Amino acid sequence: MPFMPVKFNLQKRVKLAQGLWMIYWLSVIVGILIFSLGIFFKIELRKRSEMMDNNESHLVPNLLILVGLLACGVNAFGGKVCHDSLDPIKFAKWKPMLKTYLLLCCGFNGLLLLTGLLCFLMQFAVYLTLAEGLKNSIKFYKDTDTPGRCFMKRTLDMTQIEFRCCGNNNYRDWFEVQWISNRYLDMSNDAVKDRVLSNVEGKYLMDSVPFSCCNPGSPRPCIQHHLTNNTAHYDYDHRIEELNIWTRGCREALFSYFSSMMSSIGVLIFATIILECSVQLSAQYLTTALETMEDPENPECESEGWLLEKGVKETLTDCLTKLKTLGKGNQVEEGGDAQEAT
């Protein structure tokens, strides 16, 4: 007995075909959106690749681009089949392909599920890559004359301005590195020389941050030097005063940006899976309703559509039987090859 059978007349078949055609083309638009988001995500990763130490993974955006293209192709084909479904002559040429097409749709939904899961699971990898990449970016900030690092200063400054952040974890990360190049230090100056010699690693360390850490919304002029020296500024206490530099670290800011993007795309993917499943179920009803027409030449005749030709239990049993038969067939072939070899 068929699983979830539904009786159809001409009017119901026409409404189902028209509604399914509209949903198919809605799915094509969703596919274009997923493709566009994949391109956008890939571009954003490329733009921030220097701050990710060039170790960023493009698996998710590449899958999004692939899934978007497949969604456009699969649903455009389905829309064409729906358009021709009410014409017996046109539908006859699509009929042999429909089972294969529905199986491909199941595989496509599996790929969508994998992509959606990766959108959430890969966020931790992005976090680790940002942590290591930003640490190295701050270290190489001063190397404006070194090939391959010439634009690191500009990239990091623009990032701190755009994302309103400072340092890796916070502004104190700048205290631990020499971010001013030696070419701009007057080594004949005793104060500079003493500061360099007093450091074990021979670095010129300061309790200062680059200008890009300044918060332009602060009413007080930017204090970017001697941040921890209360006597260097009037009416100032770095322990209690809200500093007029960005206090959030760039790792947190960038991770929040990428994670929100990946989470939003993941939600869209799961919504697309629901849409594709509803399309596939409706397509199954339409194809079975067209195949069971008593008189294909008479469009007014009634028919019956279903999700499964047999019950769920019987369908699973048949699938398992086919798999066992396929496995035995492979064993027989391997045994036959072994006998021929002897």
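All figures in this text were calculated on a predicted structure; none of them were measured in a lab. Values below: all heavy atoms of this structure, side chains included; hydrogens, waters and symmetry mates excluded.
Going from atom CG of N62 over to atom CD1 of I39 covers 9.0 Å, rounded to the nearest 0.5 Å. The CD atom of E50 sits 11.5 Å away from atom CZ of F140, with the distance rounded to the nearest 0.5 Å. With values rounded to the nearest 0.5 angstrom, I269 atom CD1 is found 6.0 Å from T115 atom OG1. Taking CD from Q160 and SG from C250, the interatomic distance works out to 4.5 Å, rounded to the nearest 0.5 Å. Taking NZ of K142 as the start and CE of M152 as the end, the distance is 11.5 Å to the nearest 0.5 Å. The CG atom of L111 lies 9.5 Å from the CD1 atom of I273; values are rounded to the nearest 0.5 Å.
Sorted by first and then second residue, the salt bridge (Lys or Arg N to Asp or Glu O under 4.0 Å) pairs involving residues 171-196 (not counting sequence neighbours) are D145-R183. Residue pairs meeting the salt bridge (Lys or Arg N to Asp or Glu O under 4.0 Å) criterion with at least one member in residues 69-81, sequence neighbours excluded: K80-D84.
Here the closest heavy-atom approach between residue N109 and residue C277 is recorded as ND2-SG, 4.0 Å. Between E56 and M52, the shortest heavy-atom distance links the atoms CB-SD, 3.4 Å. In this structure, P210 and D157 approach most closely via the heavy-atom pair CB-OD1, 4.1 Å. When all heavy atoms of P216 and C214 are compared, the closest pair comes out as CD-O, 3.3 Å. Of all heavy-atom pairs spanning C119 and I265, the tightest one is SG-CG2, 3.9 Å.
One hydrophobic cluster, built from ILVMFWY side chains closer than 4.5 Å, cannot hold both F41 and L69; they sit in different ones. Under the 4.5 Å side-chain heavy-atom criterion for ILVMFWY residues, no single connected hydrophobic cluster contains both I161 and L156. A continuous path of ILVMFWY side-chain contacts below 4.5 Å connects L130 to L118, so both sit in one hydrophobic cluster. Both L254 and F40 belong to a common hydrophobic cluster when Ile, Leu, Val, Met, Phe, Trp and Tyr are linked at side-chain heavy-atom distances under 4.5 angstrom. When hydrophobic clusters are built by joining Ile, Leu, Val, Met, Phe, Trp and Tyr residues whose side-chain heavy atoms come closer than 4.5 Å, directly or via intermediates, F108 is grouped together with L114.
Between Y127 and F255, the ring-plane angle classifies as perpendicular under the 30° and 60° cut-offs. Ring planes of Y236 and H233: perpendicular class, angle over 60° (limits at 30 and 60°).
Take R48 and apply the salt bridge (Lys or Arg N to Asp or Glu O under 4.0 Å) test, not counting sequence neighbours, and it matches E44, E162. Residues that satisfy the salt bridge (Lys or Arg N to Asp or Glu O under 4.0 Å) test with K42, not counting sequence neighbours, are absent from this structure. C166 meets the disulfide (SG to SG under 2.5 Å) test with C213; sequence neighbours excluded.
Counting heavy atoms from C-beta outward, N182 and M187 have side chains that approach closer than 4.5 Å. The side-chain heavy atoms of K203 and V196, taken from C-beta on, include no pair separated by under 4.5 Å. By the 4.5 Å heavy-atom criterion applied to side chains, L117 and F270 are counted as neighbours. Considering only heavy atoms from C-beta on, F151 stays 4.5 Å or farther from T144 through its side chain. Using a 4.5 Å cut-off on side-chain heavy atoms (C-beta onward), V81 and F77 make contact. When side chains are defined from C-beta on, Y171 does not count as touching W246, because their heavy atoms never get closer than 4.5 Å. A 4.5 Å side-chain heavy-atom check between I180 and M206 finds at least one atom pair inside the cut-off. Contact annotation: the side chain of D143 never approaches that of S181 to less than 4.5 Å [non-hydrogen atoms, C-beta and beyond].
With hydrogens and angles ignored, the 3.5 Å screen pairs no side-chain donor or acceptor of E132 with any backbone N or O of L128. In this structure a side-chain-to-backbone donor-acceptor pair under 3.5 Å is present from N229 to T231. Side-chain N or O atoms of N244 include one that pairs as donor or acceptor with a backbone N or O of I223 at under 3.5 Å. Of the possible donor and acceptor atoms, none in the side chain of E276 sits under 3.5 Å from a partner among the backbone N and O of C105. Under a 3.5 Å cut-off, the side chain of N168 and the backbone N or O of G249 do not form any donor-acceptor pair. S278 places a side-chain N or O within donor-acceptor distance of the main-chain N or O of L275, the cut-off being under 3.5 Å. Remark: side-chain polar atoms of Q178 are not paired, donor with acceptor, to backbone N or O of L205 under 3.5 angstrom. In this structure, W179 contributes its side chain and V209 its backbone to no donor-acceptor pair below 3.5 Å. One N or O on the side chain of S264 and one on the backbone of S260 form a donor-acceptor pair closer than 3.5 Å.
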Give the intermediate values and the outcome of side chain to side chain contact (heavy atoms under 4.5 Å, CB included) for residues Q224 and S208.
CA-CA 5 Å; Q224 65 180 105; S208 304; 5.9 Å; no

I would like to know whether V74 and L104 meet side chain to side chain contact (heavy atoms under 4.5 Å, CB included); could you show each step before the answer?
CA-CA 9 Å; V74 167; L104 286 174; 5.9 Å; no

Throw together a table of side-chain donor-acceptor distances under 3.5 angstrom for residues 20-35, partners on residues two or more places apart or in other chains.
{"unit_1": "Y24", "atom_1": "OH", "unit_2": "Y101", "atom_2": "OH", "d": "3.3"}
{"unit_1": "S27", "atom_1": "OG", "unit_2": "I23", "atom_2": "O", "d": "3.0"}

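Applying the 6.0 Å contact sphere to CZ of R248 captures more than 12 heavy atoms from other residues, nucleotides or ligands.
Annotation: Y141 is in aromatic contact with W174 [ring centroid separation under 6.0 Å].
A donor and an acceptor atom, one from each side chain of N55 and T129, are nowhere located under 3.5 Å apart. Side chains of S259 and Q123: no donor on one and acceptor on the other come within 3.5 Å.
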